[in-house]
Participant: 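Sharing a structure, written as structure tokens. Questions coming.
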Amino acid sequence: MTIDAAEYRRRRDRFTDKIGKGTAIFASAPLSVMHHDVEYPFRQESDFFYLTGFDEPGAVVVLAPHHEEHKFVLFVQPKDLEKETWTGYRTGVEKAKEQYDADEVFPINELNEKLPEYLKNADRIYYHLGRDEAFNNKIVRHWKHFIQQYPKRGKGPIAIEDSNPTLHPLRQIKSEAEIELVRKAAKVAAEAHNRALEFAKPGVCEYQIQAEIEYTFKSHGMDIAYPSIVASGENACILHYVENNRQIQQGDLLLIDAGCSYHYYNSDITRTFSVGAPFSKEQQIIYELVLEAQLQAISQVKPGNDYKTIHDTAVCVLVGGLLDLGLLKGDFEQIVEEEKYKPFYMHRTGHWLGLDVHDAGIYQHGEEQSVILEPGHILTVEPGIYISPHIKPAEEQPEIPDRWHGIGVRIEDDVLVTQNGCEVLTSDVPKSVAEMQKI
Ligand code: GLY
Ligand code: MN
Ligand code: MN
């Protein structure tokens, strides 16, 4: 099951209902990123893909709901059999019109010439300033032209408005079809983590575990959602460890953060387990504490709750535990308020998940109001504790005894907000203390 044409149409309609007399422009990913003549894998821009389903580079979509005939216009790479021999298949202008439901399709090299037709009666341009500066400048030049004409014409776009605040709330609530895609990515990531659990032994290198994980992804036709983290021993204390080149030693904790991408919808799972020996006393204490924080945080995932509650719940459990262990000292409220736990826990407890791993959408409306959870939100819940050998306790906090050093634990699941509570999409991977000791 993927996203059908009717759903793409619904998405465009819901978006264009909100922009009224505006014209929106979204660029696809650029043609290719070259590195000494080698192309990196192409990855479509998520906003562009969300609205079109068109999976080719070097294209632009223009949505002009106020235009008489052409409300949905695609600009694409034209067919060119010689170029396609090198860079792959192109749908081309004619087929794109019929396959993607567009009112009109033009070759991309006509963008400059055709764009004014779709801007001239718009009251504003909806466009997100992206990484492609040349394209940003192109849009600004078009806008400038209309501003200069404004005194004579008395109409035309008077502003460029960021498209994110209009589009991203739509992306934040997932449809049934989107949930199915994330569910599938979650299932395969769970299978990969279970395979890693089987495969991990003292003497095996981190990259061998990575290979087993990514073999599982690829054998289901999926790609990595982000560079897989396979971090043994103290490497687990490096949040974005990607070298994956150490040989695993008996008694190490192994932290694996790996997820996959299915039709661009992502999963994101972390598990931490001991290899070749039961947990040491300290490892087990920290593992149990992180697990408790995660379970309590997940129990807060339900419609009507603040997004912020999830992080706050995890922090309260972690700080309580660290105080009991003497790894933090002082007043609970003050430690939380002044974030003195940050040397142990320096990241947020999760993020939205969808077409992007760190998916579109805000978390806060200004300082005061956190986003309220609704059915259809998908988020990760991923508390951790990291006691790096180089940890620097916060001011007036105790030094950490050596026996704790090098312990890093994170547990991450993908959670769907449902009508009544939540569903953990990644529950096929175990996380109980008993199952996380690979003896
Ligand atoms: N693996 C990226 C993240 O957990 O956010
Ligand atoms: Mn994550
Ligand atoms: Mn992750």
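As the structure lists them, so they are numbered: ligands from 1, and atoms in each ligand from 1.
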Participant: Given Ile25, which partner from the list Phe135, Tyr126, Tyr118 fulfils the side-chain contact (heavy atoms from CB on, under 4.5 Å) test?
Facilitator: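 Looking at Phe135, Tyr126, Tyr118, the match for Ile25 under the side-chain contact (heavy atoms from CB on, under 4.5 Å) is Phe135.
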
Participant: If you measure from the Lys or Arg side-chain nitrogens to the Asp or Glu carboxylate oxygens, is any gap between Glu84 and Arg90 under 4.0 Å?
Facilitator: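 No, this pair does not count.
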
Participant: Hey, is NZ on Lys83 packed in by over 12 heavy atoms from elsewhere, all under 6.0 Å?
Facilitator: no

Participant: On the 0 to 90° scale, with breaks at 30° and 60°, tag the Tyr307-Trp352 ring pair as parallel, tilted or perpendicular.
Facilitator: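 It falls in the tilted class, 30° to 60°.
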
Participant: What is the name of the N/O/S atom in Glu382 that sits closest to the Mn ion (ligand 2)?
Facilitator: OE2

Participant: Classify the ring geometry of Tyr345 against His347: parallel below 30°, tilted from 30° to 60°, perpendicular beyond 60°.
Facilitator: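 Correct class here is perpendicular.
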
Participant: Tyr264 vs Phe49 aromatic rings, parallel, tilted or perpendicular, using cut-offs 30° and 60°?
Facilitator: perpendicular

Participant: Just to be sure I understand the cut-off, which residues have at least one non-hydrogen atom under 4.0 angstrom from an atom of ligand 1?
Facilitator: Tyr226, Asp257, Asp268, His351, His358, Glu382, Glu412

Participant: Which atom, among the N/O/S set of Asp268, is closest to the Mn ion (ligand 3)?
Facilitator: OD1

Participant: Taking N, O or S atoms only and a limit of 2.8 Å, check whether His351 reaches the Mn ion (ligand 2).
Facilitator: yes

Participant: Take a 6.0 Å sphere around OH of Tyr207 and say whether it holds more than 12 heavy atoms from other residues, nucleotides or ligands.
Facilitator: no

Participant: Glu412: which N/O/S atom is nearest the Mn ion (ligand 3)?
Facilitator: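 Going by distance to the Mn ion (ligand 3), the closest N, O or S atom in Glu412 is OE1.
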
Participant: Taking the side chain as everything from C-beta on, heavy atoms only, tell me whether Lys431 gets closer than 4.5 Å to Asp413.
Facilitator: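 Yes; the side chains approach each other to less than 4.5 Å.
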
